[in-house]
Engineer: 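Structure below; questions to follow.
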Amino acid sequence: MPIARVAAVVLACLSLSAPLVAQPATADVEAAVAAATSAVREAFGGDADVALSSPVLTLVPGAGAIVRAVPEPSSRTGGPVRFVLYGEGGGTPARVGRLGAVVQVVAPHVRTRQKIAIGDALTADALEVVRDDVGRQPLAPLPGLEAVRGLTTRKALLAGEIVTRVAAVVPALVNSGDEVVTIARVGALEVRGRAVAAQSGTLGATVIVVNPDSKKRLRARVVGEALVEVLHAS
């Protein structure tokens with residue numbers, strides 16, 4: 001048998017034995033993008049326009065319907081973000097895949113009208129509220145005007161700079177040792193309970209809380225005064 005024909009047969013056999021990777025269905029990509037968009041909008045407090053582009057979806061074999069997307073810790077807008085996807089799992093959400101996408105967010109936020117020195121008060125005439133692209137920001141609510149007005153800066157701010165929790169001294173909504181209300185979401189189900197905060201945190205911060213009965217330590221995000229949402233990775 002000629003060498004060329006032998007090579008062709010070998011390549012054909014190799015191609016047949018190699019595993020085939022199926023491309024995700026358009027409906028799965030749309031469902032994953034919708035879940036991720038909802039997660040980002042929820043992280044910013046609901047009043048945000050979220051755009052995802054260049055989605056890359058990976059699903060486990062036999063994955064069911066996608067019901068929730070959770071961004072990886074330390075994710076920021078204005079660039080690529082990876083999400084863990086969960087599907088229906090008989091009462092407990094089951095991990096069904098991952099989604100990577102570029103995330104852009106337009107949301108109301110406070111920015112400076114002028115330069116503000118470190119330690120200066122944030123006065124109303126030095127600030128303005130705009131609805132614009134937030135740039136590179138953590139996936140957490142940006143403080144409103146009433147939340148930052150009168151606070152002092154912990155760093156110098158340039159004119160046109162977004163006022164974030166890092167820029168202003170924001171009071172803690174959860175204090176270490178205090179009892180807090182916990183919210184745990186499983187699909188569409190919401191369960192409330194109580195725990196004791198092991199750390200202090202401002203709005204949107206991640207803190208450790210302790211279940212007083214089981215003594216289990218949980219990671220939770222501060223969503224209000226003495227109110228936290230338990231993170232699924234706990």
Side-chain angles (χ1 to χ4, degrees), residues 31-46 48 50-60 63 66-87 89 92-107 109 133-143 154-155 162 164-168 170 172-176 180-187 190-191 193 195-211 216-224 226-234:
V33 168
T37 300
S38 178
V40 175
R41 185 177 294 114
E42 181 181 341
F44 275 87
V50 181
L52 271 66
S53 59
S54 305
V56 178
L57 176 62
T58 303
L59 294 175
V60 299
I66 298 168
V67 298
R68 187 173 177 84
V70 178
E72 290 190 343
S74 303
S75 296
R76 288 177 176 267
T77 61
V81 175
R82 291 191 297 181
F83 299 84
V84 178
L85 304 174
Y86 293 88
T92 301
R95 187 177 296 191
V96 297
R98 288 182 176 273
L99 173 72
V102 176
V103 176
Q104 303 287 341
V105 173
V106 173
H109 56 269
D133 193 310
V134 301
R136 294 285 288 172
Q137 297 293 336
L139 302 188
L142 289 167
R154 61 179 57 169
K155 73 182 191 76
I162 296 177
T164 66
R165 293 184 303 276
V166 175
V170 181
L173 294 179
V174 168
N175 293 290
S176 179
V180 297
V181 175
T182 60
I183 301 173
R185 291 189 172 92
V186 180
E190 178 179 300
V191 179
V196 176
Q199 294 175 318
S200 299
T202 57
L203 184 65
T206 299
V207 298
I208 299 296
V209 299
V210 181
N211 184 304
K216 183 178 180 181
R217 294 167 66 87
L218 304 169
R219 293 174 66 249
R221 184 174 67 245
V222 179
V223 295
L227 182 66
V228 300
E229 180 181 357
V230 177
L231 300 177
H232 283 278
S234 297

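Numbering of residues begins at 1 and proceeds along the displayed sequence.
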Engineer: What distance do L142 atom CG and Q137 atom CD have between them, rounded to the nearest 0.5 Å?
Structural biologist: 5.0 Å
Engineer: Locate the shortest heavy-atom distance separating L99 from L52; write the atom from each residue and the value.
Structural biologist: CD2-CD2, 4.3 Å
Engineer: Has S38 got a side-chain atom pairing as donor or acceptor with A34's backbone, closer than 3.5 angstrom?
Structural biologist: no
Engineer: Roughly how far, to the nearest 0.5 Å, is the NE2 atom of H109 from the OG1 atom of T164?
Structural biologist: 11.0 Å
Engineer: Restricting to non-hydrogen atoms, name the atom on G201 and the atom on V207 that form the minimum distance, rounded to 0.1 Å.
Structural biologist: CA-CG1, 3.8 Å
Engineer: Would you say that V186 contacts V191 through its side chain, given a criterion of any heavy-atom pair below 4.5 Å between the two side chains?
Structural biologist: no
Engineer: Do any N or O atoms from the side chain of R41 and from the backbone of A48 form a donor-acceptor pair under 3.5 angstrom?
Structural biologist: yes
Engineer: Do R68 and L85 come close enough that some side-chain heavy atom pair is under 4.5 Å?
Structural biologist: no
Engineer: Is the backbone of I183 close enough, under 3.5 Å, to the side chain of E229 for a donor and an acceptor to pair up by distance?
Structural biologist: no
Engineer: Counting distance only, does the side-chain N/O of S200 pair as donor-acceptor with the main-chain N or O of S176 below 3.5 Å?
Structural biologist: yes
Engineer: Supply the atom-to-atom distance Q199 CD to N175 CG, rounded to the nearest 0.5 angstrom.
Structural biologist: 12.0 Å
Engineer: Tell me, do F83 and I66 make a side-chain contact under 4.5 Å, heavy atoms counted?
Structural biologist: no
Engineer: Answer yes or no: is there a side-chain heavy-atom contact under 4.5 Å between V230 and R219?
Structural biologist: no
Engineer: Taking atom CG of N211 and atom CZ of R217, what is their separation to the nearest 0.5 Å?
Structural biologist: 12.5 Å
Engineer: Under 3.5 Å, is there a donor-acceptor pair between the side chain of R82 and the main chain of R98?
Structural biologist: no
Engineer: Among residues at least two apart in sequence or on other chains, which ones pass side-chain contact (heavy atoms from CB on, under 4.5 Å) with V56?
Structural biologist: none
Engineer: State, with a plain yes or no, whether a side-chain heavy atom of T182 is found less than 4.5 Å away from one of L218.
Structural biologist: no
Engineer: Considering non-hydrogen atoms only, spot the tightest contact between A39 and A69 and give its length.
Structural biologist: CB-O, 3.2 Å
Engineer: Calculate, to the nearest 0.5 Å, the distance between atoms CG and OG belonging to L139 and S74 respectively.
Structural biologist: 10.0 Å
Engineer: Taking all atoms of both residues into account, what is the closest heavy-atom pair of V33 and P55, and its distance?
Structural biologist: CG2-CB, 3.9 Å
Engineer: Using side-chain heavy atoms (C-beta onward) and a distance below 4.5 Å, is V222 in contact with V180?
Structural biologist: no
Engineer: Using a 4.5 Å cut-off on heavy atoms from C-beta on, say whether the side chain of F44 contacts that of T77.
Structural biologist: yes
Engineer: Work out which heavy atom in V81 is nearest to a heavy atom in P71; give both atom names and the distance.
Structural biologist: CG1-CB, 4.3 Å
Engineer: Quick one: are R76 and P138 in side-chain contact, heavy atoms under 4.5 Å?
Structural biologist: yes
